[in-house]
S.K.: 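Following this message is one structure expressed as structure tokens.
Numbering of ligands and ligand atoms starts at 1, following listing order. Basis for what follows: all heavy atoms, side chains included, without hydrogens, waters or symmetry-related copies.
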Amino acid sequence: MTAGRKPLIAGNWKMNLNHLEAIATVQKLAFALNDKDFDRADVAVLPPYTDLRSVQTLVDGDKLRILYGAQDLSSYDGGAYTGEISGAMLAKLGCTFVTIGHSERRQYHREDDELVNGKVLAAYRHSLTPILCVGEGLEVRRSGGHVAHSVAQLEGALRKVTAEQAASIVLAYEPVWAIGTGEVATPADAQEVCGALRSRLAELYDGEVAAAVRILYGGSVKSDNIAGIMAQPDVDGALVGGASLDAAEFARICRFGETSG
Ligand SMILES: O=C(CO)COP(=O)(O)O
């Protein structure tokens with residue numbers, strides 16, 4: 001965490017919680033957090049597509065300070081693409097964010113850097129803020145190639161992205177071996193890669209862009225390990241999977257593990 005960048009804690013629900021459960025979870029989260037918490041950190045949920053309209057209605061109706069977004073989008077803007085969801089549709093639902101290039105999409109849906117790049121450009125066409133995920137698997141980590149791997153994914157995703165666009169992106173470093181495994185990277189592991197991503201942004205664009213971008217860590221984040229992660233200078237928040245499904249636990253994470261807001 002570094003002064004000047006507002007931390008962001010985002011809950012990636014993955015394929016969990018239907019639209020009724022979504023309403024209950026967001027209501028509980030809103031009840032657990034106060035204005036001080038929202039002044040200190042941005043809080044976002046990333047529900048399945050089918051929940052978004054319900055979340056929008058609740059957030060608008062109750063004027064909640066919770067932000068929300070989708071877990072993916074199409075690289076196309078509309079037309080005969082069965083099963084796809086466009087950036088325009090997400091923008092119409094009031095989404096702030098869209099997750100792009102999550103390792104589960106790369107792994108189970110064979111998304112490569114070119115498609116991820118197309119999705120990043122699609123997000124910007126519709127004024128959505130990408131949460132671009134990068135991170136290495138266990139083999140790459142064991143061979144010491146984690147920094148090069150993550151930086152290469154960053155470069156692949158940012159082709160044709162302007163400096164003005166890049167300044168608003170959110171990056172998430174998620175080492176695949178730490179996702180859903182209970183195996184959390186050490187704060188130093190998180191800082192090493194997040195620092196390298198920021199340095200590369202400075203080379204690709206300039207120091208101003210690099211200083212503006214929020215970089216999150218993701219992988220088995222819980223209320224009892226968030227504080228050490230947030231203490232790192234180049235880590236500006238967390239992308240939380242499993243622990244974001246429990247509103248009380250997620251609220252504790254949004255407070256960086258501290259007991260009062
Ligand atoms: O993939 C993640 C968030 O996008 C991390 O998931 P877990 O927090 O369940 O390890």
S.K.: Looking at His102, which atoms of ligand 1 are within less than 4.0 Å of one of its heavy atoms?
M.R.: 1 (O), 2 (C), 3 (C), 4 (O)
S.K.: Looking only at protein heavy atoms, which one is nearest to atom 2 (C) of ligand 1, and how far off is it?
M.R.: Glu174 OE2, 3.2 Å
S.K.: About how many Å separate OG1 of Thr96 and OH of Tyr68, when rounded to the nearest 0.5 Å?
M.R.: 7.0 Å
S.K.: Flag the pair Gln232 / Cys194 as yes when at least one side-chain heavy-atom distance between them is below 4.5 Å, and no otherwise.
M.R.: no
S.K.: Within the 4.0 Å heavy-atom shell around Ser220, which atoms of ligand 1 are there?
M.R.: 7 (P), 8 (O), 10 (O)
S.K.: Indicate, as side chain, backbone, both or neither, the part of Leu239 found under 4.0 angstrom from ligand 1 when only non-hydrogen atoms are considered.
M.R.: both
S.K.: Just which atoms of ligand 1 are under 4.0 Å from any heavy atom in Gly219?
M.R.: 5 (C), 10 (O)
S.K.: Could you tell me, atom by atom, which parts of ligand 1 come under 4.0 Å of a heavy atom of Asn12?
M.R.: 3 (C), 4 (O)
S.K.: What protein heavy atom is closest to atom 6 (O) of ligand 1, reported as residue, atom name and distance in Å?
M.R.: Lys14 NZ, 3.2 Å
S.K.: Rounded to the nearest 0.5 Å, what's the gap from NE2 on His109 to CD on Glu111? Could you check?
M.R.: 7.5 Å
S.K.: Do any nitrogen or oxygen atoms of Glu104 come within less than 3.5 Å of a nitrogen or oxygen of ligand 1?
M.R.: no
S.K.: What residue among Asp60, Asp39, Asp42 forms salt bridge (charged side-chain N to carboxylate O under 4.0 Å, His left out) with Arg65?
M.R.: Asp39
S.K.: Are more than 12 heavy atoms from other residues, nucleotides or ligands located less than 6.0 Å from atom CD of Glu208?
M.R.: no
S.K.: Residue-level breakdown please: for Ala178 versus ligand 1, do any non-hydrogen atoms fall below 4.0 Å on the side chain, on the backbone, on both, or on neither?
M.R.: backbone
S.K.: Considering only non-hydrogen protein atoms, determine which one is nearest to atom 8 (O) of ligand 1 and report residue, atom name and distance to 0.1 Å.
M.R.: Gly241 N, 2.9 Å
S.K.: Please write down residue, atom name and distance for the protein heavy atom closest to atom 9 (O) of ligand 1.
M.R.: Gly242 N, 2.8 Å
S.K.: Hey, are the side chains of Leu245 and Thr25 touching, using non-hydrogen atoms and a 4.5 Å cut-off?
M.R.: no
S.K.: Does atom CD of Glu114 have more than 12 heavy-atom neighbours from other groups under 6.0 Å away?
M.R.: no
S.K.: How about Tyr76: does its OH atom have over 12 heavy atoms from other parts shown lying under 6.0 Å from it?
M.R.: no
S.K.: Provide, to 0.1 Å, the distance between atom 10 (O) of ligand 1 and the closest protein heavy atom, together with that atom's residue and name.
M.R.: Gly180 N, 2.6 Å
